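Not measured: the values here are computed from a predicted model.
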Amino acid sequence: MTTAPTAPTATPGHDGAAADILLVAGTLLATLTEAVAGTVLSLGRGDIMGDTHATPDEFAWLDIAYTTLKLIGFMAAPWLMTRIPPRGVVVGSTLAMGMACGAAAVTDRLDLLVALRTVQGLAGGTLLVGGQAILFLACPRSRQPAVQALFAMGAVVAPATIAPAFQGWLLDSQSWTWIFFSVVPLALAAAGLLLTADGPMPAKAAPRPFDGLGFALIAVTLFCVTCVLSQGSRWDWFEEPRILWLTVTGAAALLAFLGQQALMKGQGLLDVSLFKSEAFSFAFIVSFVAGAALFGSAFLIPSFALSVLAFTPTEAGLLLLPSGALFIGSLLMAAFLIQVRRVPPFATVPFGILTITGAMWMLSGSTAESGADDMMAAVLLRGLGLGLLFLSITLIAFGTLDRRSLAAGIGLFNTGRQLGGLMGVAALQTLIDHDIPANAAVLGANVTAGGSMPIERLMTTAATLTAKGLEAAAASRVATSLLGRTVTGQSTVIAFDTAFTAVALLFVIAAPVLVGIKIGLSRRTMARSRPTSRGAS
C-alpha cells in the first residue's frame, strides 16, 4: 500500500524571541506590499487612465489581471509550498512583487502594466497564503491570537484603511507612480528580515504531484468569475452577450473542476477534506459574508466621499484612517480576550456582526451636506466590528487543522473572502447604478411646471444670474440645468444611502442563517461521532 503525497509539515527553527520578532515583522511588511499594490486602482484610477490614454474597457484589464491572478495564487500556493520551503515562497513572491511594482512605476504602456499586474496579483496571493502559514507553523498555538492579530494588520487593516490614506496623499502631492515606487523598499525590507529570521523548517515529505488539469479548470473559472463580477454592472449583466458567455463558460469550468477533483480522491488541487471540519466550514461561510461587508463598505465610503461630498483623494483616504486605529485596537483586544482570558473565539463574532450592522445603518442617513465629522462615528464603529470579527473567524478556521492541511485551508479561506468581496462590490455597484436613474425619475416627476416650489426656485436662480449680467434666456436655461443637477445629486445620495442599508440588511439576514448553519454543522459532527463512541464502548 502506497502512501499519498502530503504537504510538508514544519518544525520550528531555533528558539528565541528575536527570531520570532524578525519573522513576524518580515511577514507583516510583506503583506503591506500587497496592501499597497492591491488597492492602487481604488483612488488612482482616473490618473492612471489619463496617463495611459486607456479607454474604460482597456483599463478594466488592470483590475481583471490582478484579481484573477491573486485568486489563482491562493489556490496554487499550497502546492508550491510542497516543493519550496515556506520562507522561500514568501521571500520569492515578495521580491517578485517589488520588481513588478518598480517596473510599473517607470512605464505608461498599458499592455506592459497589464502584464505587470498579473505578476503582482500572483505574487500577492502567494505571499499572503505563505506568510500566514509561516506564522502558524513557526509560532506556538498558544500565541496565535496575538500573532494573527499582527498579521491581520497588514493583510486586512492596511488595504481597508491605511493604504487609501497613504495613496490619496501621494496622488495629491506626487503622482500614481509613487504608489508603485513605495512598494519597492517595503519588499526589500521584508525579504531582508525574512532571510535573517530563522523560519520554520519543512519536514521531509514526498512532493505532491501538480494537478495540471485541475489548475487549468480553476484558472478558467476564476478568470470568468472575475470578469463577470467586475464588469457585469457596466454592461448591464446578461443584456451583454459577452457577460452571458463568460458566465456559462465559468459555470461549466467549475462543474468540470469539481467533478475532476472528486475523481482525484484527495490528490487534486482542492483538498475537499477541509470541509469535514465543522469549524473550518463555518468560518469559511462567515469569511464569505465578512468579505462582502469589508470590501463593500471599503468601496462605498470613499466612493460616496468622492462622488457626492466632492472630497479630494487625500480627504477620502483620511476618512477611513481613524477607523484603522480602532480596527487595530479591537484586534488586539480580541487577541487579549482569547489568548489571556481564554474567551472562545466564537464569542466575539456576534458582537462584530452587530457593530458592523449598526455602523452601516448609521451611514445610511448620510446627506449631501454630511462631512467627515458626521460620518466619523459610524466609520469608527465599522473598524471596531471588523476587528472583533476577522481575528475570531481566522482562529476558528485554522485552530483545528493539522499542519499538512494548513496551507490549503488558508488558500481556500482567502479565496472565499475575496470572492465574497467581489460579489459584494458588484451587487452594490449594480444597486447604485440602477437606483440613480430610478430615483431621478421619481424626483423629476415632482419637479413639474405646475409645482409652486420648483417654479419659485427657478425664478429666484434665474433672477440672480440675470443680476450678475447673464441674458434672461440664458439665465433661464442655466437655472433649469442647475435644478437638474440638484435632482441628480439628490438621487445619488439616496442611492448610496440605500446601498449602506443593503450592507446592514446583509448581516441582519445573514446572522440567523449563520446561527442555523452553525447548529446544523454541530449536529452533523455529533451524528458522525456517535457510531465511533458506540463502537468504542
Side-chain angles (χ1 to χ4, degrees), residues 22-44 48 62-63 65-74 76-77 80-81 84 86-107 113 115-135 150-171 174 176-197 199 298 317 324 328 410-411 414 417-418:
L22 288 174
L23 193 65
V24 173
T27 303
L28 182 58
L29 287 178
T31 61
L32 287 177
T33 65
E34 196 283 324
V36 175
T39 56
V40 66
L41 301 184
S42 59
L43 293 177
I48 300 175
L62 293 176
D63 273 322
Y66 187 89
T67 305
T68 301
L69 270 294
K70 182 178 178 180
L71 289 167
I72 291 174
F74 287 154
L80 193 61
M81 291 174 65
I84 303 173
R87 184 173 56 167
V89 170
V90 179
V91 171
S93 56
T94 302
L95 290 175
M97 174 70 83
M99 288 188 290
C101 287
V106 295
T107 183
L113 280 174
L116 291 171
R117 288 298 279 175
T118 64
V119 177
Q120 293 167 13
L122 184 61
T126 305
L127 72 86
L128 287 177
V129 175
Q132 193 165 21
I134 279 181
L135 297 182
L150 293 174
F151 179 82
M153 292 179 193
V156 183
V157 179
T161 58
I162 300 172
F166 173 67
Q167 292 170 2
W169 173 72
L170 284 178
L171 285 170
Q174 304 294 331
W176 61 270
T177 59
W178 281 89
I179 300 176
F180 282 122
F181 268 130
S182 68
V183 176
V184 178
L186 284 175
L188 293 175
L193 288 173
L194 288 169
L195 289 172
T196 304
I328 292 172
I410 292 172
N414 280 282
R417 186 180 68 190
Q418 189 77 31

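- Side chains of Q120 and F180 form a contact here, defined as non-hydrogen atoms less than 4.5 Å apart.
- Minimum interatomic distance between L128 and F151 (heavy atoms only, all atoms of both residues): O-CZ, 3.6 Å.
- No donor-acceptor pair closer than 3.5 Å links the side chain of T107 to the backbone N or O of A104.
- The minimum heavy-atom distance between A30 and V90, with the atom names listed, is CB-CG1, 4.4 Å.
- Closest of all the heavy-atom pairs between G411 and V129 is CA-CG2, 3.8 Å.
- For the pair L22 and L194, the minimum side-chain heavy-atom distance is 4.5 Å or more.
- Among residues two or more places apart in sequence or in another chain, the side-chain hydrogen bond (donor to acceptor under 3.5 Å, both in side chains) test is passed with T177 by S175.
- With sequence neighbours left out, W169 forms a ring-ring contact (aromatic ring centres under 6.0 Å, His included) with no residue at all.
- Counting only heavy atoms from C-beta outward, the side chains of V119 and M97 never approach each other to under 4.5 Å.
- Among residue pairs with one or both ends in residues 22-35, those qualifying as side chain to side chain donor-acceptor pair (under 3.5 Å) are E34-Y66, E34-K70; sequence neighbours excluded.
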### Task
Apply the test side-chain contact (heavy atoms from CB on, under 4.5 Å) to residues F181 and V106: give CA-CA distance (whole Å), side-chain angles for both, the deciding distance (0.1 Å), then the verdict.
CA-CA 9 Å; F181 268 130; V106 295; 3.8 Å; yes

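- Remark: L32 pairs with L29, A158, L186 by the side-chain contact (heavy atoms from CB on, under 4.5 Å) rule, at least two apart or across chains.
- The minimum heavy-atom distance between S93 and A123, with the atom names listed, is O-CB, 3.3 Å.
- Evaluation of the side-chain contact (heavy atoms from CB on, under 4.5 Å) rule for M153 yields L28, L150, I328, L331, L332 as partners, not counting sequence neighbours.
- Across every non-hydrogen atom of A191 and V91, the tightest pair is CB-CG1, 4.2 Å.
- Here the shortest heavy-atom pairing between S182 and V36 reads OG-CG1, 3.8 Å.
- Partners of V89 under the side-chain contact (heavy atoms from CB on, under 4.5 Å) rule, at least two apart in sequence or in another chain, are L80, M81, I84, T126.
- In terms of the side-chain contact (heavy atoms from CB on, under 4.5 Å) criterion, residue partners of A65 (sequence neighbours excluded) are, by chain and number, V114, R117, T118.
- To the nearest 0.5 Å, the span separating CG on L95 from CG on L195 amounts to 7.5 Å.
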